[in-house]
Each structure stands twice: as structure tokens, then as C-alpha cells.
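Read the structure below first, then the notes.
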Amino acid sequence: MHKTSSRLLALLSLLQMHRDWSGDDLAGRLDITSRTVRRDIDRLRELGYPITTVKGPAGGYRLEAGTHMPPLLFDDDQAVALAVALRTAAVGTTVAEDASRALATLRQVMPPRLRHRVDVLRITAVQPPAAPDTLQVETQVLMDLSRVIHAREELRFDYSPSSSTSADNPRRVQPHHLVTWRQRWYLVAWDLHREDWRTFRVERIRPRTPTGPRFVPRELPGGDVSTFITGRFRGNGGNGGTATDWPCRGEVVLGLPAADVAPFAEDGIVEELGSRHCRLILGSWSWTGLAAAIGRFDAEIEVVGPPQLATAFGDLAARYAHAARATRPETGPVR
């Protein structure tokens, strides 16, 4: 009986590889006869596994999706990897509660050797602080948006420009992608009223029913969603979303060691120029924004280029000087 059970588990493991298996291939892998393969397939079907027979010269078998979740089989490395993924997802994500319950279920049925591997692997998933206006995304909204994207149906929804305002006029769009960007969910869609591509914060969307007619998807600017989203959030929305680099990029020399600058340079390039100086190449959505970002390092700054960056520093200096003069220590800012 033990040999038969082990053989069934080995057969199930092969069938879960998402490919068609001929009876002869399965028999060869398991070192059994084709007749035994057929008998074992029948046993798995009796246990609820939807295994279909594949037509063809050699015939074969395929594990299909069923109407309910049958027991699953994982090897040791797959089980540990799944537990690690669930533990990471159980912190600060939309499906955190479901991930925690799934992890508890998985851990309960793990053999002691695997449970020990998972328990000694301590993972703390630290999420960046959420912005004050960030609301929790409802799982049902994600499911509703995913369905209309897959069905290629037009969508109507109420949209609040911010968490403190009420929804404005209903929007009508052709939804294309759901994406995450820095711990936020966004819907990428073609806005039918504005006749342009838009990104919408999912936590501010309230879908309306029924949905609209089916549509033929447009080609996303840039060719793929990654290029489009990166370009939009780096201020390149005006050029069709085909550029992923920052529209403004400059180079300076800072009076700080490279080791002090690198942790805060984000996607900038830091080059060591000695024990007390470094070169920084950084980008931003505007020259003023770039100058302000560099100024936060609180060090001597030498602008290498381009001239627009030096001009932006001059503009900021004038504004800061005006702000300093407009403040009276005794009474506070002049209003």
C-alpha cells in the first residue's frame, strides 16, 4: 500500500508540470507498465483530480482545472518558496489576511523537517510609510477591474481626485492594465471623454454597472506597460509615454563622501572623487525639482551641467532669500 501511495504522489507531481504526458512517457518515468498508469490515473480521478485523456497517435493525459481545489503536491523547495512568498505577502498588502490564513494552512500540513526550515527563516517585510491620502484597496474592486480588462469591456466608474473630495463626474474608459507603483495600485486606461491615456488610483475608483461594449485594445505608448508607467511617473507624459528617463538630468560635484550620498541617491549615479567629494548624476521631472533634490544633501555644490540646472539653483536661491526676508522672528510669517 505504501508503494502504491508513493507512486500516486509521483504521478501527480508529473501531471502538475502543466504539459501533456503520453502513457508511455509516464510509464517510463515511474518504471511501471502502461496498464498500471491507466489504473493509477483512475485512482487520482476518484480522488477528485480532473485528469483528461489527450487524443493523438500515442494518446496521453493532462491535469485540467476543476470546479474545486483538489489536494496539491509540492516538492520540498516549492513548499518552502511558497511559505516565504506568503509570509512576505502577509505584511501590508491587499491580500494580507488571506495570505496569513493560507500560510497557517500550509504550515499545519508541512512535515516537521520543512516546518523547521520555514520557522527558522525569519523574514520581516517592512513596507514604506503610506502617504496620508492613501486608502486601502478593496480586493473586490481589484477583481472587478481585472475581469473587465480580461473581457475587454468599457468601464464606467466614479472617481475621487483625492481622499478628501467627493467623486467627480463618472468616467468612461477602456481599461488596459492594473499595475503597482511604489505600493499603490493604478488602472491604466484610455479615457474616452478626454481621448488620451490616463492612470487612475484604484482606491479612488468605484465601478458602476453594467459595463459597456467590448473594444479592440489600443497599442500602449512605448510598447509595453513598464515603459509607459515609468515614463508617466517621471514626467514624460507629454511625449507619448515612450521615454523612460527623467526629462531633466544634471551632474554636480558634492562636498560629501560617496558613501554618505549613495544611500539617498535613489536611481542616481554616485562616483567617488576622493575621501570628501563625489560626483552625482541625478534626474527629476523639472530643473527646479532637480535643484531642490540636490540641495537636500546640505553640502557644497559645484554644477557640472547643464546650464539649466545652474539657472534653477539661482532661481531657488532668490526664492529662499525672499522667504527668509518675509519671516519676522517675533510674529512669524507675514500673511
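- Distance CD1/Ile41 to CG/Leu11: 4.5 Å, rounded to 0.5 Å.
- Note: Tyr159 and Phe200 meet the aromatic proximity criterion, with ring centroids under 6.0 Å apart.
- Closest approach of Glu154 to Pro175, counting heavy atoms only: CA-CD, 4.3 Å.
- The one candidate from Arg45, Arg35, Arg7 that meets the salt bridge (charged side-chain N to carboxylate O under 4.0 Å, His left out) condition with Asp40 is Arg7.
- To the nearest 0.5 Å, atom OG of residue Ser160 and atom CD of residue Glu203 are 10.0 Å apart.
- Cluster membership for Phe264 and Ile301, using ILVMFWY side-chain heavy atoms within less than 4.5 angstrom, is shared.
- Ion pairing of Arg147 with Glu153 is present here, as a side-chain N (NZ or NE/NH1/NH2) and a carboxylate O approach within less than 4.0 Å.
- Open room surrounds CG on Asp31; 12 or fewer heavy atoms of other groups in view lie less than 6.0 Å from it.
- In this structure, the separation between CZ on Arg201 and OH on Tyr186 is 5.0 Å, given to the nearest 0.5 Å.
- The CG atom of Leu290 sits 10.5 Å away from the CD atom of Gln308 when rounded to the nearest 0.5 Å.
- Closest approach of Ala258 and Val270 over heavy atoms only: CB-CG1, 3.8 Å.
- Across Pro247 and Ser284, no two heavy atoms sit closer than the pair CD-O, 3.5 Å.
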| task | Please assess Val179 against Trp185 for the test side-chain contact (heavy atoms from CB on, under 4.5 Å), listing each intermediate value before the final yes or no. | result | CA-CA 6 Å; Val179 299; Trp185 284 94; over 6 Å; no
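- Using cut-offs of 30° and 60° on the angle between ring planes, the pair Trp197 and His176 is perpendicular.
- The shortest non-hydrogen separation linking Leu282 to Ala265 is CD1-O, 3.4 Å.
- Side chains of Arg218 and Trp190 form a contact here, defined as non-hydrogen atoms less than 4.5 Å apart.
- Residues Val304 and Leu273 fall within the same hydrophobic cluster, defined by Ile, Leu, Val, Met, Phe, Trp and Tyr side chains chained together at heavy-atom separations under 4.5 Å.
- A donor-acceptor contact shorter than 3.5 Å links the side chain of Arg296 to the backbone of Ala293.
- Annotation: side chain of Leu142 is not in contact with side chain of Glu138 (no heavy-atom distance under 4.5 Å).
- Crowding of Arg152 atom CZ: a count of heavy atoms from other residues, nucleotides or ligands under 6.0 Å not exceeding 12.
- Closest heavy-atom contact between Leu178 and Ile149: N-CD1, 3.8 Å.
- Expressed to the nearest 0.5 Å, how far CD1 of Ile32 lies from CZ of Arg38 amounts to 10.5 Å.
- Rounding to the nearest 0.5 angstrom, the gap separating the CD1 atom in Ile51 from the CG atom in Leu15 is 5.0 Å.
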| field | Audit row: Trp21, Leu14, side-chain contact (heavy atoms from CB on, under 4.5 Å) steps and yes/no | value | CA-CA 8 Å; Trp21 289 92; Leu14 292 174; 4.0 Å; yes
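- Taking the side chain as every heavy atom from C-beta outward, Arg249 and Ile281 approach each other to under 4.5 Å.
- Trp285 and Val252 sit in two unconnected hydrophobic clusters of ILVMFWY residues. Membership requires side-chain heavy atoms under 4.5 Å apart, directly or through other members.
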| task | Could you check Ile269 against Leu280 for side-chain contact (heavy atoms from CB on, under 4.5 Å), going step by step and ending with a plain yes or no? | result | CA-CA 6 Å; Ile269 300 174; Leu280 173 64; over 6 Å; no
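- Each of Trp246 and Val261 belongs to its own hydrophobic cluster when Ile, Leu, Val, Met, Phe, Trp and Tyr are linked at side-chain heavy-atom distances under 4.5 angstrom.
- Leu192 and Leu220 end up in the same hydrophobic cluster when Ile, Leu, Val, Met, Phe, Trp and Tyr side chains are linked at under 4.5 Å.
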| request: Determine, stepwise, if the pair Arg43 / Leu8 fulfils side-chain contact (heavy atoms from CB on, under 4.5 Å). | output: CA-CA 8 Å; Arg43 289 194 179 101; Leu8 288 176; 4.1 Å; yes
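- Between Arg198 and Asp196 there is a salt bridge, since a side-chain N of the basic residue sits under 4.0 Å from a carboxylate O of the acidic one.
- For the pair Arg171 and Arg156, the minimum side-chain heavy-atom distance is 4.5 Å or more.
- In this structure, a donor-acceptor pair under 3.5 Å is absent between the side chains of Thr288 and Asp315.
- Across all their heavy atoms, Leu316 and Ala292 have their closest contact at CD1-N, 3.5 Å.
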